[in-house]
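Okay, structure first, notes after.
Each chain gets a letter, A, B and so on, in the order its sequence line appears, and its residues count up from 1.
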2 protein chains.
Amino acid sequence: MNLRDLRYLLAVAEHGHFGRAAEACGISQPTLSVQVRKLEDLLGLPLFERTTRGVVPTAACERLLGHVRAAVTEADAILSVARGLRDPLAGRFRLGIIPTLAPYLLPLVFAPLRAALPALEIEPWEDQTSALLDRLRAHELDAALLATETDGPDLASRALFTEPFLAALPPEHPLAAREVVAEAELSRDILLLADGHCLRDQALAACGLGGALGGTLRAASLSTLLNMVAAGYGTTLVPGLAAGAAQDAGIVLRPLAARAGRTVRLAWRGSFPRRPALDAVAEVIATRLRGFAEGAAAGVV
Amino acid sequence: MNLRDLRYLLAVAEHGHFGRAAEACGISQPTLSVQVRKLEDLLGLPLFERTTRGVVPTAACERLLGHVRAAVTEADAILSVARGLRDPLAGRFRLGIIPTLAPYLLPLVFAPLRAALPALEIEPWEDQTSALLDRLRAHELDAALLATETDGPDLASRALFTEPFLAALPPEHPLAAREVVAEAELSRDILLLADGHCLRDQALAACGLGGALGGTLRAASLSTLLNMVAAGYGTTLVPGLAAGAAQDAGIVLRPLAARAGRTVRLAWRGSFPRRPALDAVAEVIATRLRGFAEGAAAGVV
DNA sequence: CGGCGCGATAGATGTGATCTATCGTGGCAG
DNA sequence: CTGCCACGATAGATCACATCTATCGCGCCG
């Protein structure tokens with residue numbers, strides 16, 4: 001059974017006249033006659049009583065018309081709803097963000113994203129890199145903001161901006177007197193995040209530390225870590241976007257000699273079909289953060 | 001858009017795998033790929049995200065699936081309901097009957113019709129011949145029981161049985177003493193039905209009367225007419241099936257010399273599609289009334 | 001690094017929807 | 001009452017398209 005034939009049936013029932021119904025359907029009268037006849041054969045019952053003056057729906061046809069209208073209406077609804085869903089820059093967009101980025105990046109880009117992509121309903125999801133990648137591969141996220149390269153050929157990514165790391169020091173710390181701090185100098189009393197945070201590994205690498213050094217503290221969040229530093233328990237590396245929060249906590253920030261930093265990327269499944277949404281989101285964020293690296297590396301905030 | 005393609009869509013969404021979905025649909029995998037692709041082109045949005053491990057419905061697809069299922073369900077409902085309506089010996093059957101036949105024939109044939117055609121819901125409609133023919137032509141009746149030939153090539157009919165007319169006499173009437181009454185002898189004091197009743201014209205014809213003779217009485221119903229005869233106001237012709245009612249009213253019945261009578265026919269539109277129902281109804285009535293004419297003509301009841 | 005599984009693509013094929021032309025018939029008007 | 005008109009059915013040609021088999025491209029996994 002074909003939706004087209006059902007539309008023909010409705011037209012004939014409505015007009016009571018094969019010729020006019022055919023015209024309404026944009027087909028010839030013989031075609032309509034044949035198709036209606038086939039539908040009658042398929043259903044196993046006569047749908048119309050033919051006379052020379054026109055046609056009248058049979059009682060059986062009347063009983064079927066409700067379902068026929070319902071089917072055609074649903075089909076039209078599919079087209080209609082699809083038209084509304086067609087815009088790739090509209091609809092839900094589930095965006096993963098790592099915890100060391102979310103609290104500092106989201107406030108910056110939320111307004112520009114809303115302005116540039118008003119129909120895109122961005123749903124942020126905060127988690128560590130590996131969890132975000134799992135969710136991305138499980139189609140539970142549409143994209144993710146990461147500070148690492150992506151592995152595997154199923155994922156693609158695009159660099160959005162680079163943020164420099166800064167030395168975070170208690171005000172009374174000896175290094176706080178310097179204009180610039182060398183990365184390796186921090187390694188003596190550096191405090192780190194818990195396992196799983198990419199920032200932990202990046203900080204270790206920047207300072208030339210390989211193993212499980214850096215004390216026993218495993219801060220669950222960057223916010224906690226900053227409070228520990230402010231309280232004088234040690235030093236750390238903070239990403240540039242968190243500079244404001246660090247200063248608010250009473251921490252002294254200094255640029256790093258080797259200008260260590262990290263590049264924030266938008267990652268997605270290569271097969272994700274709403275490519276325009278990816279490009280648009282990436283573009284908005286990159287534009288908002290353009291020139292951020294220089295400013296942050298130079299003088300803090 | 002095609003219902004077939006919608007079923008394909010549902011299969012792919014359900015299996016998450018083109019190969020297995022194709023198998024479930026009884027088609028090859030390439031065919032399924034092509035058709036789903038066409039549907040995506042038609043709707044203007046991607047429905048599945050393809051990977052090497054299988055496919056996952058997009059968010060837009062999920063939003064559409066409800067309507068798709070509804071459309072397919074309605075289409076199945078059409079087939080299902082049609083299957084139930086397929087039996088031509090089931091459903092409403094609107095049967096017109098002339099007033100001089102209905103009260104006497106219906107009680108005889110109702111039980112046999114119910115027994116032979118239990119699924120046929122017969123709706124009797126009592127009116128005069130011309131009104132029945134109008135309703136028949138207007139598709140407001142499916143068939144009609146008449147005592148006349150049908151005119152026009154759009155109508156067809158079949159004779160069911162013949163009922164003889166009987167002379168209806170008050171007990172004290174001179175003719176009541178006879179064994180047999182000649183039709184013409186009734187013309188002196190014959191009472192007739194109102195215009196429009198075919199029995200009126202047939203009685204006039206049987207008695208050899210052409211014009212508007214037979215007194216000024218125009219009885220609205222045969223029942224009234226019989227009561228008038230019983231009260232001694234005159235004579236009349238009654239159709240055989242009404243013999244019992246006439247005798248109950250205290251009327252004397254006598255066979256007619258020329259054996260005048262009328263043939264009861266089932267009439268229908270030639271284009272009426274439920275031919276088997278017509279044949280079945282006609283057959284039941286004809287069988288029930290088989291041999292009736294002889295008995296009635298011979299000795300009354 | 002080679003085989004395997006999955007979806008996409010290409011080209012051939014057959015069904016079926018559609019068209020134009022024509023027929024048969026009942027209704028209607030001169 | 002008879003010829004014309006309107007309407008649906010039918011026939012045959014044509015073209016679109018659904019479907020098939022064969023094959024490709026590509027991740028994945030041992």
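Of the two residues near DNA chain D, B/Lys38 and A/Pro30, the one whose nearest nucleotide lies more 5' is A/Pro30. Both B/Val34 and A/Leu32 lie close to DNA chain C; mapped to their nearest nucleotides by heavy-atom distance, the more 5′-ward contact belongs to B/Val34. If A/Asp154 and B/Ser28 are placed on DNA chain D by their nearest nucleotide, the residue sitting closer to the 5' end is B/Ser28.
In terms of heavy atoms, A/Val281 sits closest to A/Leu120 at CG2-CD2, 3.6 Å. When all heavy atoms of A/Arg274 and A/Pro88 are compared, the closest pair comes out as NE-O, 3.4 Å. A/His15 and A/Ala21 make their closest contact through ND1-CA, 3.8 Å (heavy atoms, listed as atom of the first residue, atom of the second, distance). Nearest heavy-atom pair, B/Gly152 versus B/Arg137, reported as atom, atom and distance to 0.1 Å: CA-NH2, 4.1 Å.
Residue-level contact check: B/Tyr8 touches the backbone only, with heavy atoms under 4.0 Å from sugar-phosphate atoms and none from bases.
A/Arg262 and A/Thr100 share a donor-acceptor pair across their side chains, judged by distance under 3.5 Å alone.
Rounded to whole Å, atom C1' of C/dA17 lies 16 Å from atom CG of A/Leu3.
Side-chain contact between A/Leu64 and A/Leu43 is present, with heavy atoms from C-beta onward closer than 4.5 Å.
By the neighbour-count criterion of 12 heavy atoms within 6.0 Å, atom CZ of B/Arg94 is densely surrounded, having more than that number from other residues, nucleotides or ligands. For CD of B/Glu23, the number of neighbouring non-hydrogen atoms (other residues, nucleotides, ligands) closer than 6.0 Å is 12 at most.
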Interface polar pairs with nucleotides 4-7 of chain C, N/O, under 3.5 angstrom:
| residue | atom | partner | partner atom | Å |
| --- | --- | --- | --- | --- |
| C/dC6 | OP1 | B/His17 | NE2 | 3.3 |
| C/dC6 | O5' | B/His17 | NE2 | 3.1 |
| C/dC6 | O4' | B/Thr52 | O | 3.4 |
| C/dG7 | OP1 | B/Phe18 | N | 2.9 |
| C/dG7 | OP2 | B/Phe18 | N | 3.3 |
| C/dG7 | OP2 | B/Gly19 | N | 3.2 |

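Between A/Thr31 and C/dC19 there is a side-chain N or O to OP1 or OP2 distance below 4.0 Å.
Along DNA chain D, the stretch of nucleotides lying under 4.0 Å from any heavy atom of chain B spans, 5' to 3', D/dA18 to D/dC29.
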